[in-house]
Amino acid sequence: MNTGKINVSVENIFPLIKKFLYSDHEIFLRELVSNATDATLKLKHLTNIGESKVEYGNPFIEVKINKDDKTLHIIDQGLGMTAEEVDKYINQVAFSGAEEFLEKYKDSAKDSGIIGHFGLGFYSAFMVAEKVEIITKSHKDEPAAHWTCDGSPEFTLAPSDKTTRGTEIILHVADDSLEFLEEHKISELLTKYNKFMPVPIKFGTKNETVSVGEGETAKTETVVVDNIINNPNPAWTKQPSELTDEDYKNFYKELYPMQFEEPLFHIHLNVDHPFNLTGVLFFPKLTKDLQIQKDKIQLYQNQVFVTDNVEGIVPEFLTMLRGVIDSPDIPLNVSRSYLQADGNVKKISNYITRKVADKLKSLFNQNREDFESKWNDMKIVFEYGMLTDEKFYEKASSFVLYPTTDGKYFTFDELKEVIKDNQVDNNGKTIVLYTSNKDEQHSYIASAENKGYKVVVLDSPLSSHLVQKLEADNSDFTFTRVDADHVDNLIKKEENKISKLNEEEQTALKANLETVVPSTKYNVQLEALDSTDAPFIITQPEFMRRMKEMSQTSGGGMFGMGNFPETYNLIVNTNSKLASTILETNDTDKKSALINQALDLAKLSQGLLKGEELTNFVKRNFENI
C-alpha cells in the first residue's frame, strides 16, 4: 500500500473548497455525476476509434444512498483509472483529465460531449463528506485501485478487488450535511442538474404497469424497474428536421410540467460557427404585466445544467421567454456558477437576437393571419425588445404590428400609407391617433372613427416609451392619444366650424365656467364642435400625459422618470345645447349646478371621478330621480 501527500500549493485547500470555492454546496452531486458522464463518454469515444478493445454496451450511472453507513455512492461504467492515473488526476489538484483527453484527441474528440474543464469538480465532494473513497478499475487490463482521503492532504492508495470496469465514488457524509442522505433531496438535485445528461442515470427503482399476453388472456402486471431519472436525448440535441410540433410541445411540458398552456411557437437554435450553440426557445402567452417572472430559460453546458440566470447571454427582452440554451463556448468560472466577461458571450447574445428576429419575420411572412391572431399574447416582448435592443429594433419594422380599433393589423410602413393624406395637422405632420384603453376611451374612439380617422391600439405599459422612440425616428409623424387633445384641433380641416355663439356670448360663457371650474386643475377652452359631440370634454396635453405615464410604468426603474402634475384641458362645445342653457340661466346656484354636473360627467368618462366626489355625484343623481 502506498501513502503520500496530495500535491497542493496550500495546506488548507480543503477548507477553502468547502467554504469558498463553490457558491452552493448542493452542486457537488452535479460535479460528480458530470465526471462519471465524462468517463463514460471518453470510453465511448475510445471504443469508436478502436483505442479501447472493451465492449461499450449500454452503460449507465447509478446513484445510491446507504443511510446506515451514512454513505452516498456514485457509480459509473466508464473507462475507469489505473493506480497511476489516480495519482496523476486525483492527487494533483486542478489537473483536468478532461482537458488532457481533449488535447490528446482534439481532432477526433471535438464532438464527443466531454464536459469537464476544471479538474476541481471531484473535490467538491469534500463540501459534504468527511471522507471520500474512490474504487476504480480501468478499461485497460490492469489492477483496480482504492483511494481514500479524510479531507486532509493525507491519502492512501491501495490495490482493490473490484473486477468490473468503471469507478465508484463513496462519500462518507458529514454530520452537518445529512440532508444529502435523504432520497427526496438527491432526487431533487438529480432532476435539477442532471435531468438531461447524455448518459442514463439510475436512482432507485419504481413500479411500472406492463401488459402481458394477447387477446382474451391479456392482462396487466406491476413490475419493479430501474428508475432512470434523466432524458439523455432532449429535443435541443437533435436536428429540427427530426422533430415534429408535437415533439416540441412534449419537450415544453417536460421542462415546465406545471405550465398548462401550450407555447405560441418555438425557435430552434443550432449553430456551430464561430461558436457552438444549441437550444430551443418558446414564446409563452404573456400578459401586459411588466412584472413578468424571468429566469425561465435554463443554461446548460454539454447537457449539464449550469444556471437559470442567463443575463448577459440572452438579450434582456428575451428573458421573458422559456426554454434551453446549451453551449460549451460560454466561459464559466471554476464552479460553473457565474458567467465571466468574454467576447463570445456578446456574439452569442447578438446571434440569438438575429435568430429570433429572422424567425419572427419568417412566421409573419408564412402565415400572417396566424401571426396576427397571436399578436396580443406576445407584443410586450417585441416592444421591450425595440426599446432595449437596437439590433432587434432595426429588424422589427418588418413584422411588428399596429392593430387598429376596427380589427385590422398594419406594419408601421403600411399604417403610414393608410393615414398619411387624411390625418395631417396644421404643421404638415401626420398624426397617429392611438388608444391605450378601448373601453375607457370608447367615446373618443367613436368620435374619431365617425370622422374617418384610424385609431391604433397601443395598450401595453411600454406604449408611451415606444411612441417616443418611433417619433424620434420618424420626424414627419407624431403620436397623440385619442383622448389627449380634441381631434378637430389636431387634424387640419379645409373649413373651420362656426360657433353658434358670438364673441360676447363666448366671453360670458367662459367667465361663468371659470367661476365654478377650479383653475388649478383645468384649463377651460371653448371650441366650436359638432352638435353631436359631448358638451364637456376633458383632455390632457399629450406631452404631459405621456411623461406622467412613463413615470408610472418606470417605477424609478427601467426608464426612471420624475413625477408630473395632474393638469387637464376642459373643452366646452359652444355648439352644444348645454352651452346655450348655461348662458340663459339667470339663477346663480342653478347655473353652478349645471356646470358641476356636466364637469362630473366629463370626469366620469375619463375615470377621474373618485372617492368623495363620486359618492356625492351618485347621491345627487339618486335624489333627482
Under a 3.5 Å distance rule, please check whether E262 uses its side chain to pair with a backbone N or O of K249 as donor and acceptor. no
Within the distance-only criterion (no hydrogens, no angle test), does the side chain of E471 pair as donor or acceptor with the backbone N or O of T478 below 3.5 angstrom? no
Please answer whether the main-chain N or O of D530 pairs with a side-chain N or O of N573 as donor and acceptor at a distance below 3.5 Å. yes
Short side-chain to backbone donor-acceptor contact, T615 and G611, under 3.5 Å: yes
Surrounding CD of E504 (heavy atoms of other residues, nucleotides or ligands, distance under 6.0 Å), is the total greater than 12? no
Quick one: closest heavy-atom pair of Q423 and L433, and the distance? NE2-N, 4.0 Å
Going by atom types alone, do D587 and T585 pair a side-chain donor with an acceptor below 3.5 Å? no
Using 30° and 60° as the class boundaries, would you call the ring planes of F399 and F382 parallel, tilted or perpendicular? perpendicular
A602 versus F536, closest heavy-atom pair with distance: CB-O, 3.8 Å
Closest heavy-atom pair and its distance - A235, L243: O-CD1, 3.6 Å
Could you check whether Q301 and S327, counting side-chain N and O atoms only, form a donor-acceptor pair closer than 3.5 Å? no
Any chance you could lay out the side chain to side chain donor-acceptor pair (under 3.5 Å) test for Q259 and R322, step after step, and finish with the verdict? CA-CA 11 Å; Q259 185 66 37; R322 293 175 181 160; 3.1 Å; yes
Using modelled atom types only, decide if a donor and an acceptor are shared between the side chain of E527 and the backbone of I571 within a distance under 3.5 Å. no
Verify whether one side chain among Q597 and R620 offers a donor that lies under 3.5 Å from an acceptor in the other. yes
Do the side chain of Y256 and the main chain of K296 share a donor and acceptor less than 3.5 angstrom apart? yes
Using the rule given for side chain to side chain contact (heavy atoms under 4.5 Å, CB included), can you reason through I325 versus I352, listing the C-alpha separation, both sets of side-chain angles and the distance that settles it, and then say yes or no? CA-CA 10 Å; I325 299 289; I352 293 172; 4.0 Å; yes
For the student: nearest non-hydrogen atoms of H268 and W236, plus distance: NE2-O, 3.9 Å
Could you point out which residue of F412, F410, Y434, F477 forms a ring pair (Phe, Tyr, Trp, His ring centres under 6.0 Å) with Y402? F412
Going through the distances and angles, do F251 and V324 end up as a side chain to side chain contact (heavy atoms under 4.5 Å, CB included)? CA-CA 10 Å; F251 179 53; V324 166; 4.1 Å; yes
Quick one: do T404 and V457 satisfy side chain to side chain contact (heavy atoms under 4.5 Å, CB included)? Show the steps, please. CA-CA 5 Å; T404 52; V457 180; 5.9 Å; no
Heavy atoms of other groups near K469 NZ, more than 12 under 6.0 Å: yes
Backbone N/O of L264 and side chain of K374: donor-acceptor pair under 3.5 Å: yes
Please determine whether side chain to side chain contact (heavy atoms under 4.5 Å, CB included) holds for the pair L608 and I538, giving the CA-CA distance in whole Å, both sets of side-chain angles, and the decisive distance to 0.1 Å. CA-CA 10 Å; L608 298 173; I538 292 176; 4.0 Å; yes
Please report the closest heavy-atom contact between L269 and Y351, naming both atoms and the distance. CD2-CE2, 4.2 Å
Can you check whether T411's main-chain N or O pairs, donor with acceptor, with E414's side chain at less than 3.5 Å? yes
Relative to each other, are the rings of F364 and F371 parallel, tilted or perpendicular (30° and 60° limits)? perpendicular
Of all heavy-atom pairs between T435 and V455, which one has the smallest distance, and what is that distance? N-CG1, 3.8 Å
S397 side chain to Y393 backbone, donor-acceptor under 3.5 Å: no
Could you tell me if S436 and Q441 have a donor-acceptor pair between their side chains, going purely by distance under 3.5 Å? yes
K195: what forms a side chain to side chain donor-acceptor pair (under 3.5 Å) with it, not counting sequence neighbours? none
Strictly by modelled atom types, are K416 and N474 linked by a side-chain donor-acceptor pair under 3.5 Å? yes
Look only at the side chain of N575 and the backbone of L529, and say whether a donor-acceptor pair between them is shorter than 3.5 Å. yes
Side-chain donor-acceptor contact under 3.5 Å, K577 with T581: no
With a 4.5 Å limit on heavy-atom distance, are the side chains of R368 and L401 in contact? yes
